[in-house]
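Numbers here simply count residues along the sequence, with the first being 1. Just so we're clear, the structure is a prediction, and the values are computed from it rather than from any experiment. Both backbone and side-chain heavy atoms feed into the values below; hydrogens, waters and symmetry mates do not.
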Amino acid sequence: MLHLLCKMRGGGQSPPRAAGREILHSWLGSCLAIALIALLERHATGNTGFPLLIGSFGASAVLAFGAPQSPLAQPRNLVGGHFVSALAGVSCGLLPAPLWLTAALAVSTAIAFMHLSKTLHPPGGATALIAVTGGEGIRQLGYLYAFVPCLTGACLMLGIALVVNNLSAARRYPLYWW
């Protein structure tokens with residue numbers, strides 16, 4: 001037990017704060033990506049209630065623009081992680097089980113499928129959870145949820161990440177595609 005507690009102390013110093021230009025690029029990219037998806041939702045879908053912007057895209061923006069060098073932010077992970085997780089979430093949401101169980105199964109199954117497909121993207125857990133807990137409008141989409149908003153929104157974010165992250169000479173995105 002003492003060994004476990006000792007490991008929890010940490011041991012290193014926290015990393016330095018990002019440079020001002022890095023912060024600006026992160027801010028600009030995330031602002032553009034979320035704004036574009038939200039504007040498309042408003043103008044393309046009108047007042048239908050059809051979602052294009054989901055909460056897990058906020059976390060994806062943190063990775064794609066705040067940590068573009070992370071393996072978890074690369075295109076395969078960004079796009080594939082949302083898509084695979086949405087499929088897992090919708091599938092678990094169809095089970096005749098209580099919400100607490102379908103929610104747990106959605107997240108854990110999404111993690112397993114992301115590992116299997118080499119698309120681990122932490123916001124994917126939220127994407128799977130939204131498929132189960134996102135309300136009647138999301139549930140009525142069924143497997144369409146995996147394509148719109150998940151795949152479509154992730155591809156839009158990727159497009160903006162490719163442009164914004166490469167505006168800076170200090171950044172290179174992606175590090176790899178597959």
Side-chain angles (χ1 to χ4, degrees), residues 6-45 51-89 106-131 134 145-178:
C6 288
K7 288 173 68 174
M8 291 182 198
R9 286 188 323 190
Q13 293 184 357
S14 65
R17 182 182 65 81
R21 297 187 121 226
E22 285 294 306
I23 294 169
L24 179 62
H25 276 95
S26 298
W27 183 90
L28 177 65
S30 60
C31 186
L32 287 172
I34 298 300
L36 174 68
I37 297 169
L39 283 169
L40 280 174
E41 178 178 82
R42 179 180 172 109
H43 293 292
T45 65
L52 290 179
L53 184 63
I54 55 174
S56 53
F57 288 161
S60 291
V62 172
L63 285 168
F65 302 103
Q69 304 301 308
S70 169
L72 305 173
Q74 300 308 304
R76 176 188 183 107
N77 301 73
L78 173 64
V79 175
H82 278 292
F83 187 69
V84 166
S85 296
L87 292 174
V107 174
S108 57
T109 302
I111 293 169
F113 284 169
M114 286 188 287
H115 272 303
L116 288 169
S117 60
K118 294 174 37 179
T119 59
L120 192 65
H121 185 65
T127 295
L129 189 59
I130 291 167
Y145 170 74
F147 294 92
V148 181
C150 298
L151 183 62
T152 304
C155 287
L156 288 168
M157 188 170 299
L158 173 60
I160 292 171
L162 290 169
V163 173
V164 172
N165 284 330
N166 288 303
L167 288 175
S168 168
R171 286 186 178 203
R172 179 175 170 241
Y173 182 82
L175 296 181
Y176 53 86
W177 283 89
W178 299 106

Nearest 0.5 angstrom please: L40 CG to I37 CD1, how far?
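Going from CG on L40 over to CD1 on I37, the span is 8.0 Å.
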Set of ring-ring contact (aromatic ring centres under 6.0 Å, His included) partners for H82, sequence neighbours left out
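For H82 the ring-ring contact (aromatic ring centres under 6.0 Å, His included) partners, ignoring immediate neighbours, are F57, H121.
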Quick one: list whatever passes ring-ring contact (aromatic ring centres under 6.0 Å, His included) with F65, sequence neighbours left out.
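ring-ring contact (aromatic ring centres under 6.0 Å, His included) check on F65 returns nothing, list empty.
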Closest contact, heavy atoms only, [X] versus [Y]:
X    : Y    : answer
A38  : L53  : CB-CD2, 3.9 Å
I130 : I54  : CD1-CB, 4.2 Å
L63  : P122 : CD1-CD, 3.9 Å
S85  : G81  : OG-O, 2.7 Å
A64  : P68  : O-CB, 3.5 Å

So which pairs with a foot in residues 155-169 pass side chain to side chain donor-acceptor pair (under 3.5 Å), sequence neighbours left out?
N165-R171
Residue pairs passing the side chain to side chain donor-acceptor pair (under 3.5 Å) test where at least one lies in residues 8-18, sequence neighbours excluded:
none
Do any N or O atoms from the side chain of Q74 and from the backbone of P174 form a donor-acceptor pair under 3.5 angstrom?
no
Once ring-ring contact (aromatic ring centres under 6.0 Å, His included) is applied, what residue pairs with a partner in residues 151-178 remain, sequence neighbours excluded?
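The answer is none; no pair qualifies.
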Show the atom names and distances, to 0.1 Å, of all donor-acceptor pairs under 3.5 Å that link a side chain in residues 147-163 to residues at least two apart or in another chain.
unit_1: T152; atom_1: OG1; unit_2: F147; atom_2: O; d: 2.8

Side chains of L78 and S60 in contact at under 4.5 Å (non-hydrogen atoms)
yes
Under 3.5 Å, side-chain donor or acceptor atoms of residues 106-114 against the rest of the protein: list the pairs with distances, not counting sequence neighbours.
unit_1: S108; atom_1: OG; unit_2: A104; atom_2: O; d: 2.8
unit_1: S108; atom_1: OG; unit_2: L105; atom_2: O; d: 3.4
unit_1: T109; atom_1: OG1; unit_2: L105; atom_2: O; d: 2.6

Among pairs that include at least one residue of residues 148-166, which meet salt bridge (charged side-chain N to carboxylate O under 4.0 Å, His left out), considering only residues two or more places apart or in two chains?
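Residue pairs passing salt bridge (charged side-chain N to carboxylate O under 4.0 Å, His left out), neighbours aside: none found.
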Results of side-chain hydrogen bond (donor to acceptor under 3.5 Å, both in side chains) for T119 - residues two or more places apart only
S117
Can you name the salt bridge (charged side-chain N to carboxylate O under 4.0 Å, His left out) partners of R76, sequence neighbours left out?
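If we apply the salt bridge (charged side-chain N to carboxylate O under 4.0 Å, His left out) test to R76, skipping adjacent residues, there are no hits.
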Working note: T127 + S56, criterion side-chain hydrogen bond (donor to acceptor under 3.5 Å, both in side chains); need CA distance, chi angles, decisive distance, verdict.
CA-CA 6 Å; T127 295; S56 53; 2.7 Å; yes
Can you name the residues that form a side-chain contact (heavy atoms from CB on, under 4.5 Å) with A18, not counting sequence neighbours?
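Only E22, I23 meet the side-chain contact (heavy atoms from CB on, under 4.5 Å) criterion with A18.
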